Amino acid sequence: MGGGRREFLPNNTVDEENSRGLRWDNRNLIKEWQDLREDNGDVYEYVWNKEQLLNVDPNTDYLMGLFEASHCRYNLEANHDLEPTLTEMVEAAIKILSKNEEGYFVFVEGTFF
């Protein structure tokens, strides 16, 4: 979960917020990920805004959240009606990962100053 949605989309498409993709190889990595999950019969969700993240099905095993075309905004600059906070992203990740009886590893990156 995080930003960088444009890096997953071909340069001839626009994302949910009308930002153009940057990939020159014409690959839509979001769609490829969804197709792989579908082919495997996985329970998955792709989300791009806060409301979707907060309403992820608790049975979801795979989650991709890309909340900005570029980098996520600093907390004080973000529109929290659309973009989840770092805390909300971490909480969602832990909910999904904690179902694994063998444990899990979460890497969280943020800027604090």
Side-chain angles (χ1 to χ4, degrees):
M1 285 183 268
R5 189 171 47 235
R6 66 186 182 185
E7 307 296 337
F8 290 73
L9 298 170
N11 63 351
N12 60 355
T13 62
V14 293
D15 67 12
E16 297 84 356
E17 298 179 296
N18 294 317
S19 293
R20 185 163 300 285
L22 293 180
R23 297 191 64 82
W24 288 91
D25 59 6
N26 207 34
R27 292 178 66 188
N28 181 331
L29 298 182
I30 297 169
K31 176 85 169 88
E32 288 181 27
W33 179 83
Q34 291 171 316
D35 290 345
L36 175 65
R37 302 276 63 94
E38 188 76 27
D39 290 347
N40 289 340
D42 297 326
V43 180
Y44 69 93
E45 287 193 53
Y46 162 67
V47 297
W48 66 270
N49 65 42
K50 178 179 182 167
E51 180 180 355
Q52 292 173 336
L53 179 66
L54 296 180
N55 291 302
V56 166
D57 182 332
N59 296 314
T60 298
D61 293 318
Y62 294 89
L63 177 63
M64 178 186 287
L66 298 171
F67 303 107
E68 285 289 339
S70 185
H71 302 282
C72 285
R73 298 169 195 241
Y74 291 112
N75 189 52
L76 294 176
E77 297 172 354
N79 175 349
H80 290 296
D81 291 333
L82 293 176
E83 188 176 317
T85 64
L86 182 59
T87 301
E88 291 166 331
M89 287 186 256
V90 171
E91 287 174 351
I94 290 172
K95 269 188 211 174
I96 291 171
L97 294 171
S98 65
K99 294 186 297 185
N100 185 339
E101 295 175 2
E102 296 181 23
Y104 58 90
F105 174 83
V106 176
F107 178 83
V108 180
E109 180 181 10
T111 303
F112 299 95
F113 53 94

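Note that the structure is predicted; figures quoted are calculated from it, not measured.
The shortest non-hydrogen separation linking Arg5 to Leu66 is NH1-O, 2.6 Å. Among all heavy-atom pairs drawn from Gly2 and Met89, the shortest one is N-SD, 4.1 Å. Considering all non-hydrogen atoms of both residues, Val56 and Thr60 come closest at CG1-OG1, 3.5 Å. Of all heavy-atom pairs between Ser70 and Arg6, the closest is OG-NH2, 3.4 Å. Closest non-hydrogen pair, Asn49 versus Pro84, comes out as C-CD, 4.4 Å.
Of the inter-residue distances, the one linking Glu45 atom CD with Asn59 atom CG reads 10.0 Å to the nearest 0.5 angstrom. With rounding to the nearest 0.5 angstrom, the CG atom of Asp15 is 10.5 Å from the CZ atom of Arg20. Atom CD1 of residue Ile30 and atom CG of residue Asn28 lie 5.5 Å apart, to the nearest 0.5 angstrom. In this structure, the separation between NE2 on His80 and OG1 on Thr85 is 6.5 Å, given to the nearest 0.5 Å. Note that the CG atom of Asn26 and the CG atom of Asn11 stand 7.5 Å from one another [nearest 0.5 Å]. Gln52 CD to Leu82 CG: the interatomic distance, rounded to the nearest 0.5 Å, is 10.5 Å.
Cluster membership for Tyr46 and Met1, using ILVMFWY side-chain heavy atoms within less than 4.5 angstrom, is not shared. Follow the hydrophobic side-chain contacts under 4.5 Å out from Val106 and you never reach Ile96; the two are in separate clusters.
Other residues, nucleotides and ligands contribute at most 12 non-hydrogen atoms within 6.0 Å of the NZ atom of Lys31. Counting non-hydrogen atoms of other residues, nucleotides and ligands closer than 6.0 Å to CD of Glu51 gives a total of 12 or fewer.
Under the 4.5 Å side-chain criterion, counting only non-hydrogen atoms from C-beta, Val47 is not in contact with Asn55. For the pair Ile94/Tyr104, a side-chain contact is recorded, criterion being any heavy-atom separation below 4.5 Å from C-beta on.
Screening residues 50-72 for ring pair (Phe, Tyr, Trp, His ring centres under 6.0 Å), with sequence neighbours left out, gives no hits. Contacts classified as ring pair (Phe, Tyr, Trp, His ring centres under 6.0 Å) and involving residues 9-34 (residues at least two apart or in different chains) are given here: Trp33-Tyr44. Pairs passing the salt bridge (charged side-chain N to carboxylate O under 4.0 Å, His left out) check and including a residue from residues 83-96, sequence neighbours excluded, read Lys50-Glu88.
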message: For a side chain to side chain contact (heavy atoms under 4.5 Å, CB included) check, start with the C-alpha distance between Val108 and Leu86, then their side-chain angles and the critical distance, and finish with the verdict.
response: CA-CA 9 Å; Val108 180; Leu86 182 59; 3.9 Å; yes

